[in-house]
Trainee: 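The structure's right below; bear with me while I get my questions together.
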Amino acid sequence: MPTIRNRQDVAAGATVNPLAGSQYEYLPFDAVVEFAILADAGDTFQASVFSGSDVLLQNSDVDTLAVATPIQYPENYEIRDVAAAGERLGVSLTNTGGAVGTVRTICRITPL
């Protein structure tokens, strides 16, 4: 089962796509995709999540998790979708805080 895992520091007001450039950004096969997106405690982010033409989450606040706390499956995976081969996965993260913030993103990909 492929996984895209990213931990990124993001400047205040900046927007990033942590899946950009990944081998699985464009799915090579039909799959179930599950996303966990968590900001470090004290940081504030908004997220939009896309799977092909499906908008799974739009401009929503990102939950926080203590820095030393690992992301748990299935507890922290709140977004799930079925995607077709060739579809593009996208996550848009915007740091809405006043300083550099850190956000963790994991996408689990289960071939169908």
Side-chain angles (χ1 to χ4, degrees):
M1 169 177 28
T3 301
I4 303 169
R5 183 182 301 269
N6 185 285
R7 180 182 180 95
Q8 192 162 11
D9 294 326
V10 182
T15 299
V16 297
N17 177 0
L19 305 184
S22 165
Q23 176 180 353
Y24 294 101
E25 180 181 5
Y26 292 91
L27 289 174
F29 41 71
D30 296 345
V32 173
V33 292
E34 300 171 283
F35 297 87
I37 304 168
L38 293 149
D40 284 355
D43 295 335
T44 56
F45 283 84
Q46 282 197 334
S48 295
V49 178
F50 308 92
S51 171
S53 62
D54 297 341
V55 178
L56 306 176
L57 185 71
Q58 186 172 19
N59 297 331
S60 296
D61 292 334
V62 172
D63 291 337
T64 60
L65 189 67
V67 175
T69 305
I71 293 175
Q72 300 290 320
Y73 183 84
E75 293 83 2
N76 299 123
Y77 288 75
E78 297 180 353
I79 303 165
R80 178 185 169 113
D81 192 38
V82 175
E87 288 190 334
R88 181 180 184 201
L89 302 178
V91 175
S92 176
L93 297 169
T94 302
N95 182 348
T96 57
V100 173
T102 303
V103 63
R104 293 179 275 174
T105 305
I106 301 176
C107 178
R108 290 172 49 109
I109 303 167
T110 307
L112 291 176

Trainee: If you apply the rule side chain to side chain contact (heavy atoms under 4.5 Å, CB included), what do you find for T3 with I106, and how did you get there?
Mentor: CA-CA 7 Å; T3 301; I106 301 176; 3.6 Å; yes
Trainee: First locate atom OH of Y26, then atom CG of L19, and finally report the distance between them rounded to the nearest 0.5 Å.
Mentor: 11.5 Å
Trainee: Provide the closest heavy-atom pair for D81 versus S51 in the form atom of the first, atom of the second, distance.
Mentor: OD2-OG, 3.0 Å
Trainee: Looking only at non-hydrogen atoms, find the nearest pair between A99 and A12 and report the distance.
Mentor: N-CB, 3.7 Å
Trainee: Group every Ile, Leu, Val, Met, Phe, Trp and Tyr by side-chain heavy-atom contacts under 4.5 Å, then state whether V10 and F35 land in the same group.
Mentor: yes
Trainee: Which atom pair, heavy atoms only, marks the closest approach of G21 to E25?
Mentor: N-OE1, 2.9 Å
Trainee: Looking only at atom types and distance, does a side-chain atom of D43 sit under 3.5 Å from a main-chain N or O of T102, one as donor and one as acceptor?
Mentor: yes
Trainee: What's the shortest heavy-atom distance between A41 and T64, and which atoms?
Mentor: CA-CB, 4.0 Å
Trainee: Hey, any chance V33 and F29 share a hydrophobic cluster, counting ILVMFWY side chains that come within less than 4.5 Å of each other, even indirectly?
Mentor: yes
Trainee: Look up atom CD in E34 and atom CD1 in I79, then write down how far apart they are to the nearest 0.5 Å.
Mentor: 11.0 Å
Trainee: Does the side chain of I37 come within less than 4.5 Å of R104's, by heavy atoms?
Mentor: no
Trainee: How many angstroms lie between SG in C107 and OH in Y77, if you round to the nearest 0.5 Å?
Mentor: 8.5 Å
Trainee: How long is the straight-line distance from CG of N17 back to CD of Q8, given to the nearest 0.5 Å?
Mentor: 9.0 Å
Trainee: About how many Å separate CZ of R108 and CZ of R5, when rounded to the nearest 0.5 Å?
Mentor: 9.5 Å
Trainee: Treating S48 as the side-chain partner and N59 as the backbone partner, does any N or O pair qualify as donor plus acceptor under 3.5 Å?
Mentor: yes
Trainee: If we only count heavy atoms from C-beta on, is the L38 to T69 side-chain gap below 4.5 Å?
Mentor: no
Trainee: Does a side-chain heavy-atom distance below 4.5 Å link P111 with P28?
Mentor: no
Trainee: Give me the atom names and distance for the closest heavy-atom approach of M1 to I109.
Mentor: CG-O, 2.9 Å
Trainee: Can you hop from I4 to L93 via hydrophobic side chains spaced under 4.5 Å?
Mentor: yes
Trainee: Shortest non-hydrogen contact from Y24 to L89?
Mentor: O-CD1, 3.8 Å
Trainee: Would you call R7-D40 a salt bridge at under 4.0 Å N-O?
Mentor: yes
Trainee: Are L57 and V62 grouped together when hydrophobic residues (ILVMFWY) are joined by side-chain heavy atoms under 4.5 angstrom apart?
Mentor: yes
Trainee: Is there a donor-acceptor contact under 3.5 Å from the side chain of N95 to the main chain of G13?
Mentor: no
Trainee: Answer yes or no: is there a donor N or O on one side and an acceptor on the other, between the side chain of S22 and the main chain of A20, under 3.5 Å?
Mentor: no
Trainee: Linking I/L/V/M/F/W/Y whenever any side-chain heavy atoms sit under 4.5 Å apart, do I71 and V91 land together?
Mentor: no
Trainee: If you measure only the distance, is there a donor-acceptor pair under 3.5 Å linking the side chains of T96 and T44?
Mentor: yes
